[in-house]
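Note sheet for the following structure.
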Amino acid sequence: MLIGPQNLAVHVNHVRSRIRQAAEAAGRDPASITLVAVSKSKPAESIRAAATAGVTDFGENYLQEAIGKLDELRDLPLRWHFIGGLQSNKTRAVAERFDWVHSIDRVSIARRLSEQRPFHAPPLNLCIQVKLVPEPTKGGVSPEDLPALAAGTAGLPRVKLRGLMCVPPPQPDVAAERAVFSQLRKLLERLNADGYGLDTLSMGMSGDFESAIAEGATHVRIGTALFGSR
């Protein structure tokens, strides 16, 4: 189903209602959960319509596509999240233009972002992507290698390590969804036990974000439920 700008507000309100219900069911404050609208492949017109409906955070996967939209929408006070795989030759533009990067899986990428972040800008917020389920085509660090990556990232200047992100494959039921998201929460708790002070769990998409919220998600990345199928 394609969702046009004219009825996007209805879908934004519906998703926000689902977030609120899931948060309340988990005994959490709905305000503690950030809706990141995944706007890859969507035109600037749709992003502007979502912003008019109150969405402030947008996630992009493809840098070249994103830069044009950032330029076209520079009049809006939006926060931009880079959520796709990041190659070393693309880090400068991300360091200069984005507020968050959710997909750190190598210390070399974090180091380049730190070196290329403008001094006049606030620190770039980073999440480490963790591969909880083996998938050859997906990025992410293994749970075993996570502590070393966190240690190598946390002390870098001009960036701030905020938390963890995951993109698990579809699960057969809610219990299985929650079990996967619980793994990421426990990994964050272990890092915090070592003094990292992380506050972000970026997990949950259109098909499973209620389960992610039940397990502590602070950022849910929603595309299809807002904008329709690509």
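All values derive from a computational prediction rather than experimental measurement. Residue indices begin at 1 and follow the sequence shown. Values below: every heavy atom of this structure, side chains too, minus hydrogens, waters and symmetry copies.
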Exercise. When rounded to the nearest 0.5 angstrom, what is the spacing between CZ in R117 and NE2 in H120?
Worked result: 8.5 Å

Exercise. Can you tell me if S103 uses its side chain to pair, donor with acceptor, with the backbone of Q129 under 3.5 Å?
Worked result: no

Exercise. Are R74 and R97 close enough that some pair of their side-chain heavy atoms sits under 4.5 Å apart?
Worked result: yes

For this session: Using a 4.5 Å cut-off on heavy atoms from C-beta on, say whether the side chain of D105 contacts that of I128.
Result: no

Problem set entry | Side chain to side chain, T224 and V38, heavy atoms closer than 4.5 Å | no

Exercise. Is V36 linked to M203 within one hydrophobic cluster, defined over Ile, Leu, Val, Met, Phe, Trp and Tyr using a side-chain heavy-atom separation of less than 4.5 Å?
Worked result: no

Problem set entry | Derivation and outcome, side chain to side chain contact (heavy atoms under 4.5 Å, CB included), residues L113 and I104 | CA-CA 10 Å; L113 291 169; I104 299 298; 3.6 Å; yes

Exercise. Any idea which heavy atoms bring P30 and E24 closest together, and the distance?
Worked result: CG-CG, 4.2 Å

Exercise. Are a donor atom and an acceptor atom from the side chains of E65 and S41 found within less than 3.5 Å of each other?
Worked result: no

Problem set entry | Minimum heavy-atom distance between T200 and C127, given as atom pair plus value | CG2-SG, 3.7 Å

Seminar exercise, completed: Rounded to the nearest 0.5 angstrom, the CE-CG distance for M165 and L188 is 14.5 Å

For this session: Report yes if some heavy atom in the side chain of R221 is under 4.5 Å from a heavy atom in the side chain of I83; otherwise report no.
Result: yes

Exercise. Are there more than 12 heavy atoms of other residues, nucleotides or ligands under 6.0 Å from atom NZ of K138?
Worked result: yes

Exercise. Less than 4.5 Å apart, any side-chain heavy atom of L187 and any of L132?
Worked result: yes

For this session: Take the angle between the ring planes of H219 and H102 and call it parallel below 30°, perpendicular above 60°, tilted in between.
Result: perpendicular

Exercise. When you look at S211 and E215, which way does the side chain to side chain donor-acceptor pair (under 3.5 Å) test go after all the steps?
Worked result: CA-CA 7 Å; S211 295; E215 292 297 334; over 6 Å; no

For this session: Is it possible for you to say whether L226 and V167 belong to one hydrophobic cluster, with membership spreading through side-chain heavy-atom contacts below 4.5 Å?
Result: no

Exercise. Has the side chain of N13 got a donor or acceptor atom that lies under 3.5 Å from a matching backbone atom of A9?
Worked result: yes

Exercise. Is there a donor-acceptor contact under 3.5 Å from the side chain of R28 to the main chain of A22?
Worked result: no

Problem set entry | Side-chain ion pair, D57 and R79, N-O less than 4.0 Å | yes

For this session: Test side chain to side chain contact (heavy atoms under 4.5 Å, CB included) on L86 and V94 and set out the steps.
Result: CA-CA 9 Å; L86 185 54; V94 171; 3.8 Å; yes

Problem set entry | side chain to side chain contact (heavy atoms under 4.5 Å, CB included) evaluation trace for R185 with E189 | CA-CA 6 Å; R185 174 177 51 79; E189 290 170 351; 3.2 Å; yes

For this session: Taking only Lys NZ, Arg NE, NH1 and NH2, and the carboxylate oxygens of Asp or Glu, determine whether E135 and K131 approach each other closer than 4.0 Å.
Result: no

Problem set entry | Nearest heavy-atom neighbours spanning I222 and G204 | CD1-O, 4.5 Å

Exercise. R112 and S88: side-chain donor and acceptor closer than 3.5 Å?
Worked result: no

For this session: Can you sort out the partners of E72 under salt bridge (charged side-chain N to carboxylate O under 4.0 Å, His left out), two or more places apart, ordered by chain and number?
Result: none

Problem set entry | Sub-4.5 Å side-chain heavy-atom contact between M205 and V220 | no

Exercise. Do the side chain of N7 and the main chain of V10 share a donor and acceptor less than 3.5 angstrom apart?
Worked result: no

Exercise. Under a 4.5 Å cut-off applied to non-hydrogen side-chain atoms, are L73 and W80 in contact?
Worked result: yes

Exercise. Hey, quick one: are L126 and I109 part of the same hydrophobic cluster, counting side-chain heavy atoms closer than 4.5 Å, chains of contacts allowed?
Worked result: yes

Problem set entry | Given R18, R20, R178, the one that forms salt bridge (Lys or Arg N to Asp or Glu O under 4.0 Å) with E210 | R18

Exercise. Any idea which heavy atoms bring A51 and L78 closest together, and the distance?
Worked result: CB-CD2, 4.0 Å

Exercise. With the 4.5 Å side-chain cut-off for hydrophobic clustering, are L70 and W100 part of the same group?
Worked result: no

For this session: Ignoring hydrogens and angles, tell me if any N or O in the side chain of Q116 forms a donor-acceptor pair with the backbone of R92 under 3.5 Å.
Result: yes

For this session: Without swapping roles, check the side chain of Q64 against the backbone of Y62 for a donor-acceptor pair under 3.5 Å.
Result: no

Problem set entry | Check: D145 main-chain N/O paired with S142 side-chain donor or acceptor under 3.5 Å | yes

Problem set entry | Distance in Å, L156 CG paired with L124 CG, rounded so as to fall on 0.5 Å steps | 11.0 Å

For this session: Spell out, as yes or no, whether a donor-acceptor pair under 3.5 Å connects the side chain of T153 to the backbone of L149.
Result: yes

Seminar exercise, completed: In this structure, CZ of F58 is separated from CG of L35 (nearest 0.5 Å) by 8.0 Å

Problem set entry | Joint hydrophobic cluster, L201 plus V130, side-chain heavy atoms closer than 4.5 Å | yes

Exercise. Got a second to check how far L8's CG is from E45's CD, nearest 0.5 Å?
Worked result: 10.0 Å

Exercise. Between T52 and R48, is there a donor-acceptor pair closer than 3.5 Å when you use the side chain of the first and the backbone of the second?
Worked result: yes

For this session: Evaluate the side chain to side chain contact (heavy atoms under 4.5 Å, CB included) criterion for residues L184 and C166: first the C-alpha distance (whole Å), next the side-chain angles of each, then the deciding distance (0.1 Å), finally the verdict.
Result: CA-CA 7 Å; L184 196 71; C166 68; 3.7 Å; yes

Exercise. Could E60 and K40 be called an ion pair, given the rule that one side-chain N must be under 4.0 Å from one carboxylate O?
Worked result: no

Seminar exercise, completed: Closest non-hydrogen contact found for K42 with G228 is NZ-O, 3.8 Å

Exercise. Which pair of heavy atoms, one from A23 and one from I33, lies closest together, and at what distance?
Worked result: CB-CD1, 3.7 Å

Exercise. Do any N or O atoms from the side chain of S206 and from the backbone of A225 form a donor-acceptor pair under 3.5 angstrom?
Worked result: yes

Exercise. Are side-chain heavy atoms of I213 and I19 found at a separation under 4.5 Å?
Worked result: yes

